[in-house]
S.K.: 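Have a look at this one.
Residue indices begin at 1 and follow the sequence shown. Just so it is clear, the model here is predicted, and its values are computed rather than measured.
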Amino acid sequence: MKEDLGELTLMAREACSSLREVVWVTDQDVILLPALIEKMIERAERTLRGVKLTVKTSPDIPSTEVGLNVKRHLIMFFREAVHNCARHSGATEVKVYALTDEEFLAVSVEDNGCGFDASSSHAGWGVKNMKKRAEELGGQLELTSRRGEGTRVQLKLSLATLSQEPVKAHKT
(Lines give C-alpha, C1' and ligand atoms only; values in the text may rest on other atoms or scores of the structure.)
Protein backbone atom coordinates (compact mmCIF):
# COMPACT_ATOMS: atom_id res chain seq x y z
CA MET A 1 0.00 0.00 0.00
CA LYS A 2 2.89 2.37 0.80
CA GLU A 3 4.36 1.73 -2.65
CA ASP A 4 0.99 2.44 -4.30
CA LEU A 5 0.65 5.71 -2.37
CA GLY A 6 4.15 6.71 -3.42
CA GLU A 7 3.27 6.00 -7.04
CA LEU A 8 0.06 8.03 -6.78
CA THR A 9 1.94 10.91 -5.18
CA LEU A 10 4.47 10.91 -8.00
CA MET A 11 1.71 10.86 -10.61
CA ALA A 12 -0.06 13.79 -8.90
CA ARG A 13 3.17 15.84 -8.76
CA GLU A 14 3.87 15.14 -12.43
CA ALA A 15 0.32 16.07 -13.46
CA CYS A 16 0.59 19.32 -11.52
CA SER A 17 3.97 20.07 -13.13
CA SER A 18 2.60 19.38 -16.60
CA LEU A 19 -0.35 21.70 -16.03
CA ARG A 20 1.95 24.48 -14.79
CA GLU A 21 4.11 24.06 -17.90
CA VAL A 22 1.10 24.30 -20.21
CA VAL A 23 -0.08 27.50 -18.49
CA TRP A 24 3.45 28.95 -18.57
CA VAL A 25 3.90 28.20 -22.29
CA THR A 26 0.55 29.67 -23.28
CA ASP A 27 1.30 32.86 -21.35
CA GLN A 28 4.64 33.39 -23.12
CA ASP A 29 5.09 35.20 -26.42
CA VAL A 30 8.81 34.48 -26.37
CA ILE A 31 10.60 31.77 -24.41
CA LEU A 32 14.21 32.51 -23.52
CA LEU A 33 16.71 29.83 -22.55
CA PRO A 34 17.29 31.00 -18.93
CA ALA A 35 13.54 30.86 -18.19
CA LEU A 36 13.22 27.44 -19.81
CA ILE A 37 16.08 26.06 -17.72
CA GLU A 38 14.51 27.55 -14.59
CA LYS A 39 11.21 25.76 -15.37
CA MET A 40 13.04 22.48 -15.96
CA ILE A 41 14.80 22.77 -12.60
CA GLU A 42 11.51 23.57 -10.86
CA ARG A 43 10.11 20.35 -12.34
CA ALA A 44 13.06 18.35 -11.02
CA GLU A 45 12.58 19.88 -7.54
CA ARG A 46 8.88 18.97 -7.49
CA THR A 47 9.29 15.49 -8.94
CA LEU A 48 12.33 14.48 -6.90
CA ARG A 49 11.12 15.45 -3.42
CA GLY A 50 12.85 13.38 -0.77
CA VAL A 51 15.97 12.95 -2.92
CA LYS A 52 19.14 14.97 -2.42
CA LEU A 53 19.14 17.21 -5.50
CA THR A 54 22.23 19.07 -6.66
CA VAL A 55 21.72 21.66 -9.41
CA LYS A 56 24.46 23.39 -11.36
CA THR A 57 23.87 25.94 -14.10
CA SER A 58 26.20 28.21 -16.01
CA PRO A 59 26.34 31.68 -14.44
CA ASP A 60 25.76 33.48 -17.74
CA ILE A 61 23.26 31.47 -19.78
CA PRO A 62 22.63 33.38 -23.02
CA SER A 63 19.17 34.86 -23.53
CA THR A 64 18.65 32.84 -26.68
CA GLU A 65 15.07 32.54 -27.90
CA VAL A 66 13.90 28.93 -27.93
CA GLY A 67 11.51 27.78 -30.64
CA LEU A 68 8.22 26.28 -29.49
CA ASN A 69 8.91 22.74 -30.76
CA VAL A 70 12.50 22.83 -29.50
CA LYS A 71 11.17 23.90 -26.10
CA ARG A 72 8.68 21.05 -26.18
CA HIS A 73 11.38 18.51 -27.08
CA LEU A 74 13.70 19.80 -24.36
CA ILE A 75 11.02 19.74 -21.67
CA MET A 76 9.84 16.28 -22.67
CA PHE A 77 13.41 14.96 -22.81
CA PHE A 78 14.17 16.39 -19.37
CA ARG A 79 10.86 15.23 -17.94
CA GLU A 80 11.55 11.67 -19.08
CA ALA A 81 15.02 11.68 -17.53
CA VAL A 82 13.75 13.05 -14.20
CA HIS A 83 10.73 10.74 -14.23
CA ASN A 84 12.99 7.72 -14.74
CA CYS A 85 15.06 8.78 -11.71
CA ALA A 86 11.96 9.17 -9.55
CA ARG A 87 10.18 6.05 -10.69
CA HIS A 88 12.80 3.45 -11.48
CA SER A 89 16.23 4.29 -10.06
CA GLY A 90 15.72 4.18 -6.31
CA ALA A 91 18.30 6.99 -6.18
CA THR A 92 19.06 8.93 -3.04
CA GLU A 93 21.01 11.61 -4.93
CA VAL A 94 20.42 13.25 -8.30
CA LYS A 95 22.57 15.85 -10.03
CA VAL A 96 21.08 18.14 -12.67
CA TYR A 97 23.34 20.25 -14.87
CA ALA A 98 22.43 22.87 -17.47
CA LEU A 99 25.70 24.23 -18.76
CA THR A 100 26.51 26.46 -21.70
CA ASP A 101 29.62 27.67 -23.45
CA GLU A 102 29.94 29.85 -26.54
CA GLU A 103 28.49 27.16 -28.81
CA PHE A 104 26.61 24.50 -26.87
CA LEU A 105 24.00 23.74 -24.24
CA ALA A 106 24.47 20.52 -22.28
CA VAL A 107 21.65 19.30 -20.05
CA SER A 108 22.32 16.25 -17.91
CA VAL A 109 20.64 14.23 -15.20
CA GLU A 110 22.76 11.85 -13.15
CA ASP A 111 21.63 9.55 -10.33
CA ASN A 112 23.20 7.13 -7.88
CA GLY A 113 20.40 4.59 -8.30
CA CYS A 114 20.21 0.98 -9.38
CA GLY A 115 21.22 1.57 -13.00
CA PHE A 116 20.29 -0.71 -15.90
CA ASP A 117 21.72 -2.34 -18.99
CA ALA A 118 21.46 0.53 -21.50
CA SER A 119 22.32 -1.76 -24.41
CA SER A 120 19.38 -4.06 -23.66
CA SER A 121 16.44 -4.04 -26.05
CA HIS A 122 14.04 -3.75 -23.09
CA ALA A 123 15.49 -0.41 -22.00
CA GLY A 124 11.99 1.01 -22.39
CA TRP A 125 10.02 3.57 -24.36
CA GLY A 126 11.52 6.45 -22.42
CA VAL A 127 15.05 5.79 -23.63
CA LYS A 128 13.82 5.35 -27.21
CA ASN A 129 11.89 8.63 -27.03
CA MET A 130 14.91 10.49 -25.64
CA LYS A 131 17.05 9.16 -28.50
CA LYS A 132 14.46 10.26 -31.08
CA ARG A 133 14.16 13.72 -29.54
CA ALA A 134 17.94 14.19 -29.48
CA GLU A 135 18.16 13.12 -33.12
CA GLU A 136 15.36 15.44 -34.22
CA LEU A 137 16.98 18.36 -32.41
CA GLY A 138 20.31 17.62 -34.10
CA GLY A 139 21.83 16.99 -30.69
CA GLN A 140 24.07 14.37 -29.17
CA LEU A 141 22.69 11.98 -26.57
CA GLU A 142 25.04 10.31 -24.14
CA LEU A 143 23.54 7.66 -21.90
CA THR A 144 25.68 5.68 -19.49
CA SER A 145 24.35 3.26 -16.93
CA ARG A 146 25.57 0.25 -15.02
CA ARG A 147 23.63 -1.96 -12.71
CA GLY A 148 24.19 -0.87 -9.13
CA GLU A 149 26.06 2.28 -10.16
CA GLY A 150 23.39 4.68 -11.39
CA THR A 151 22.62 6.38 -14.67
CA ARG A 152 23.74 9.54 -16.48
CA VAL A 153 21.82 11.05 -19.39
CA GLN A 154 23.17 14.08 -21.25
CA LEU A 155 21.79 15.99 -24.21
CA LYS A 156 24.17 18.36 -25.99
CA LEU A 157 22.77 20.88 -28.47
CA SER A 158 24.15 23.72 -30.52
CA LEU A 159 22.91 27.07 -29.17
CA ALA A 160 22.43 28.18 -32.80
CA THR A 161 19.73 25.53 -33.34
CA LEU A 162 17.59 26.46 -30.32
CA SER A 163 15.58 29.05 -32.22
CA GLN A 164 15.15 26.81 -35.30
CA GLU A 165 12.31 24.36 -35.70
CA PRO A 166 13.22 20.65 -35.88
CA VAL A 167 12.98 19.03 -39.30
CA LYS A 168 10.15 16.78 -38.08
CA ALA A 169 8.01 16.72 -34.96
CA HIS A 170 8.23 13.78 -32.57
CA LYS A 171 4.85 12.10 -32.06
CA THR A 172 4.95 11.59 -28.28
Side-chain angles (χ1 to χ4, degrees), residues 11 14-15 17-48 55-58 61-89 94-111 115-145 150-172:
M11 289 170 57
E14 288 187 341
S17 293
S18 294
L19 183 57
R20 287 179 190 196
E21 287 167 2
V22 167
V23 170
W24 176 71
V25 167
T26 57
D27 280 349
Q28 304 297 312
D29 291 331
V30 174
I31 299 168
L32 300 179
L33 184 58
L36 177 60
I37 289 172
E38 183 180 319
K39 289 296 177 189
M40 291 165 51
I41 291 168
E42 287 174 8
R43 171 176 276 279
E45 291 169 344
R46 281 191 301 271
T47 304
L48 296 169
V55 175
K56 183 175 181 184
T57 60
S58 294
I61 296 170
S63 290
T64 303
E65 187 173 332
V66 181
L68 186 59
N69 282 322
V70 172
K71 179 218 67 74
R72 183 176 160 275
H73 279 310
L74 278 171
I75 283 180
M76 297 298 285
F77 178 93
F78 187 78
R79 184 163 86 180
E80 186 67 46
V82 169
H83 173 81
N84 287 345
C85 287
R87 190 168 195 184
H88 304 297
S89 76
V94 176
K95 298 174 184 174
V96 172
Y97 300 113
L99 305 173
T100 58
D101 61 20
E102 297 81 29
E103 295 181 55
F104 294 100
L105 164 67
V107 175
S108 63
V109 178
E110 181 176 341
D111 69 56
F116 66 98
D117 180 1
S119 65
S120 170
S121 63
H122 69 278
W125 287 99
V127 171
K128 290 176 188 172
N129 285 336
M130 287 190 288
K131 287 179 181 178
K132 286 179 184 177
R133 290 184 194 285
E135 179 184 314
E136 290 170 21
L137 289 169
Q140 298 172 336
L141 173 67
E142 181 182 313
L143 186 141
T144 54
S145 186
T151 301
R152 180 176 181 269
V153 178
Q154 177 178 290
L155 176 61
K156 188 174 182 181
L157 301 170
S158 166
L159 288 172
T161 63
L162 292 179
S163 60
Q164 300 171 3
E165 290 300 316
V167 175
K168 58 183 178 178
H170 191 60
K171 293 180 182 169
T172 63

S.K.: About how many Å separate CZ of Phe78 and CD1 of Ile41, when rounded to the nearest 0.5 Å?
M.R.: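 Reported value, rounded in 0.5 Å steps: 6.5 Å.
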S.K.: With a 4.0 Å cut-off, would you call Glu42 and Lys39 a salt bridge?
M.R.: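 Between Lys39 and Glu42 there is a salt bridge, with a charged N closer than 4.0 Å to a carboxylate O.
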S.K.: Please evaluate residues Thr161 and Leu137 with respect to the criterion side-chain contact (heavy atoms from CB on, under 4.5 Å), reporting the C-alpha separation (whole Å), side-chain torsions for both, the decisive distance (0.1 Å), and the verdict.
M.R.: CA-CA 8 Å; Thr161 63; Leu137 289 169; over 6 Å; no
S.K.: State which residues pass side-chain hydrogen bond (donor to acceptor under 3.5 Å, both in side chains) with Ser145; sequence neighbours excluded, sorted by chain then number.
M.R.: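 Here the qualifying residues are Thr151.
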S.K.: Looking only at non-hydrogen atoms, find the nearest pair between Leu141 and Lys131 and report the distance.
M.R.: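 Of all heavy-atom pairs spanning Leu141 and Lys131, the closest is CD2-CG, 3.3 Å.
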S.K.: For Ile75 versus Met40, what's the shortest heavy-atom pair and its separation?
M.R.: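 Shortest heavy-atom contact: CG1-CG, 4.3 Å.
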S.K.: For Glu110, which residues count as a side-chain hydrogen bond (donor to acceptor under 3.5 Å, both in side chains) partner, sequence neighbours excluded?
M.R.: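 Partners of Glu110 under the side-chain hydrogen bond (donor to acceptor under 3.5 Å, both in side chains) test: none.
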S.K.: How long is the gap from NE2 on His73 to NZ on Lys132, to the nearest 0.5 Å?
M.R.: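 With rounding to 0.5 Å, NE2 (His73) is 11.5 Å from NZ (Lys132).
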S.K.: Drop me the distance from Asp111's CG to Asn84's CG, to the nearest 0.5 angstrom.
M.R.: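 Output value for this atom pair is 9.0 Å.
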S.K.: side-chain contact (heavy atoms from CB on, under 4.5 Å) for Arg152 and Glu142? Distances and angles first, verdict last.
M.R.: CA-CA 8 Å; Arg152 180 176 181 269; Glu142 181 182 313; 2.8 Å; yes
S.K.: To check you understand the geometry: which heavy-atom pair defines the closest contact between Gln154 and Ser108, and what is its length?
M.R.: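 Answer, listing the atom of Gln154 first, then Ser108: CB-CB, 3.8 Å.
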S.K.: Could I get the full list of side-chain contact (heavy atoms from CB on, under 4.5 Å) partners for Leu159, not counting sequence neighbours?
M.R.: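 So Leu159 forms a side-chain contact (heavy atoms from CB on, under 4.5 Å) with Leu33, Pro62, Thr100, Leu105, Leu162.
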S.K.: Looking only at heavy atoms, what is the nearest atom pair of Val66 and Lys71, with distance?
M.R.: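 What the structure gives for the nearest pair is CG1-N, 3.6 Å.
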S.K.: Hey, does Arg133 have a side-chain heavy atom less than 4.5 Å from the side chain of Arg72?
M.R.: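 Counting from C-beta outward, Arg72 and Arg133 do come under 4.5 Å.
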S.K.: So which atom in Met130 and which in Val153 form the shortest heavy-atom distance, rounded to 0.1 Å?
M.R.: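 Looking at all heavy atoms of both residues, the shortest contact is SD-CG1, 4.1 Å.
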S.K.: Provide the closest heavy-atom pair for Lys56 versus Leu99 in the form atom of the first, atom of the second, distance.
M.R.: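 Where Lys56 meets Leu99 most closely, the heavy atoms are O-CD2, 3.9 Å.
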